[in-house]
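Only heavy atoms go into these numbers, but all of them, side chains included; no hydrogens, no water, no symmetry mates.
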Amino acid sequence: MAASVGFAVVQLDVTIVNVALPRIAELGASVAMLQWIVDGYALAFAALLLSAGVVADRVGARRVCVAGFALFALASGACGLAFDPASLVAARALQGAGAALLVPSSLALLDQATRHDAALRSRAVGWWTAAGGVSIAAGPVVGGLLLDAFDWRSIFLVNLPLCAIGAYLTLGWHERSVSLPASRRFDPVGQLLAVVAVGALVAAIIEVPVLGVGHPLAAGCLAVALASGWGFRFAEVRVADPMLPPDLLRSPGLAAAVAFGVVVNLTYYGAIFVLSLYLQQVLGYPAFTAGLAFVPLTATFIVSNLASAKVTARHGPHVSMLVGASIGVLGFALLGAFDRHTAYAAMLPAFALIPAGMGLAVPAMTTVVLCGADARRAGTSSGVLNAARQFGGAIGVAAFGALATGGPVPIISGLHAAAAIAAVLLAGAAATAWIGVRAASGVHQGIPS
């Protein structure tokens with residue numbers, strides 16, 4: 001329960017913000033600044049996940065999870081008190097740091113509790129992912145209700161009681177959990193270089209479409225990302241206990257699962273950002289109506305998340321991932337027909353198919369990563385996967401958002417381009433799942449095949 005609350009509160013702040021973007025723009029935020037309000041969270045989240053996973057393995061997942069709830073609550077309060085776009089971006093980045101502590105630690109707690117039973121672990125991962133799906137689905141609706149009753153600050157303040165509940169459950173429910181022996185030493189140089197590399201690369205992706213690759217800020221971010229990435233690789237092969245062990249990267253199916261996760265987040269969160277603009281700025285939906293419109297796009301995650309465990313147990317994770325990605329391709333293809341006169345009923349097939357496919361694939365992908373990792377590296381393994389996924393989400397918002405900058409016509413053309421790109425990428429992800437994950441299925445005990 002506590003693990004699910006940790007993931008749910010992180011996911012809530014992904015979608016609840018999207019419906020509030022037009023209201024937040026009243027602070028004087030441009031489209032580029034709105035992207036930073038979304039991506040500031042994703043950037044800090046992605047950049048710190050690897051380090052947070054290592055810390056969870058070293059000092060204990062339970063402690064890190066409680067610290068994550070505390071930091072997330074503090075940051076949410078700061079978001080609610082923000083007085084200009086810059087201060088809101090900074091508070092959102094602090095929220096991302098709290099989220100980075102919560103996700104790998106909550107997944108490590110789940111892994112510790114279910115490692116003895118592969119079938120139970122598959123079901124638990126399905127419920128953990130479903131909790132995130134419920135939160136994603138609730139985000140636009142809750143956000144719309146809060147925006148109708150209060151101002152945009154309320155969408156952040158709602159996190160405070162949720163974090164209090166999550167911390168209480170973690171302290172109580174996991175109090176008797178047996179901690180795994182800590183065998184990892186900190187790698188401060190590697191952690192710093194990883195944070196700088198990921199952060200600079202995401203910053204460059206956000207700014208290049210706006211400023212151009214030759215602008216000093218964009219070019220500087222790219223240079224810092226390349227230099228720190230090279231430095232990370234150089235440093236990691238020269239330390240006794242690197243934060244990203246080479247043998248972890250050689251785990252069967254891990255590379256394929258991580259690549260798959262990048263594509264899933266890139267396509268989904270990028271599309272959500274553009275669709276938020278489409279519903280409100282092209283079709284003229286008010287915030288609450290736009291939130292309700294998103295429910296089918298997110299709610300079908302729940303059913304498909306729970307179905308994923310059964311499909312994975314019977315046919316293997318590669319089948320769940322292949323079928324899920326293929327369903328997603330069909331859903332994104334349908335987005336290409338949206339225009340300024342599209343009726344809501346005509347949107348429903350796409351809004352149902354996209355999350356149905358994603359929800360079928362994501363638990364299977366997570367199971368592949370957990371099954372292929374040593375129990376003492378559960379936090380690190382989940383950190384690798386989720387860092388890659390958040391990085392993909394940041395790229396999606398930046399790239400797809402750049403395609404939809406302007407009035408209704410650019411938004412519609414940007415939505416069509418984003419849908420086409422997403423369909424092609426997911427088709428490639430389906431092939432990756434079939435080839436890479438299929439080869440790994442059954443290699444480790446506990447991976448259904």
Side-chain angles (χ1 to χ4, degrees), residues 14-15 18 133 136 205 209 256-279 282-283 293-294 296-301 304-305 308 311 317-340 342 344-365 388-405 409-438:
V14 174
T15 55
N18 283 295
I136 288 176
I205 291 168
V258 168
F260 190 93
V262 170
V263 172
V264 166
N265 274 41
L266 188 156
T267 55
Y268 183 76
Y269 291 116
I272 286 289
F273 184 86
V274 178
L275 282 170
S276 180
L277 299 176
Y278 170 75
L279 290 174
V282 176
L283 300 185
F294 273 126
L297 184 62
T298 52
T300 48
F301 260 127
S304 57
N305 280 159
S308 179
V311 176
H318 60 292
V319 173
S320 297
M321 294 167 70
L322 173 66
V323 174
S326 300
I327 293 172
V329 168
L330 179 58
F332 279 111
L334 295 177
L335 288 184
F338 287 17
D339 58 31
R340 66 170 65 230
T342 300
Y344 181 67
M347 303 179 198
L348 289 176
F351 280 14
L353 288 171
I354 291 172
M358 304 293 189
L360 187 64
V362 169
M365 170 193 72
R389 291 184 63 192
Q390 293 308 312
F391 177 63
I395 294 174
V397 171
F400 289 4
L403 295 172
T405 300
V409 173
I411 290 174
I412 292 172
S413 63
L415 177 61
H416 293 168
I421 293 169
V424 171
L425 289 175
L426 272 180
T432 298
W434 184 256
I435 296 170
V437 178
R438 184 188 184 193

Listing, residues 344-365 side-chain donor-acceptor contacts under 3.5 Å, not counting sequence neighbours, or none:
| from | atom 1 | to | atom 2 | distance (Å) |
| --- | --- | --- | --- | --- |
| Tyr344 | OH | Ala293 | O | 3.0 |

Could you pull out all donor-acceptor pairs under 3.5 Å where a side-chain atom in residues 411-418 meets a protein atom, sequence neighbours excluded?
| from | atom 1 | to | atom 2 | distance (Å) |
| --- | --- | --- | --- | --- |
| Ser413 | OG | Val409 | O | 3.3 |
| Ser413 | OG | Pro410 | O | 3.0 |
| His416 | NE2 | Gly336 | O | 3.3 |
| His416 | NE2 | Phe338 | O | 2.5 |

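Listed by first and then second residue, the side chain to side chain donor-acceptor pair (under 3.5 Å) pairs that reach into residues 258-267 are Asn265-Arg389, sequence neighbours excluded. Every pair tested for side chain to side chain donor-acceptor pair (under 3.5 Å) that includes a residue from residues 418-428 fails, sequence neighbours excluded, so the list is empty. Evaluation of the side chain to side chain donor-acceptor pair (under 3.5 Å) test over residues 326-339, restricted to residues two or more places apart or in two chains, returns Asp339-Thr342.
Nearest heavy-atom pair, Ala271 versus Phe332, reported as atom, atom and distance to 0.1 Å: CB-CE2, 3.6 Å. Here the shortest heavy-atom pairing between Ala429 and Val263 reads CB-CG1, 3.9 Å. Closest heavy-atom contact between Ala419 and Leu335: CB-CB, 3.7 Å.
Atom-to-atom distance recorded for Tyr268:OH and Leu275:CG is 9.5 Å, nearest 0.5 angstrom.
At least one donor-acceptor pair under 3.5 Å links the side chain of Thr432 to the backbone N or O of Gly428.
Taking Ile421 as the reference, Phe400, Leu403, Leu425 meet the side-chain contact (heavy atoms from CB on, under 4.5 Å) condition, with sequence neighbours excluded.
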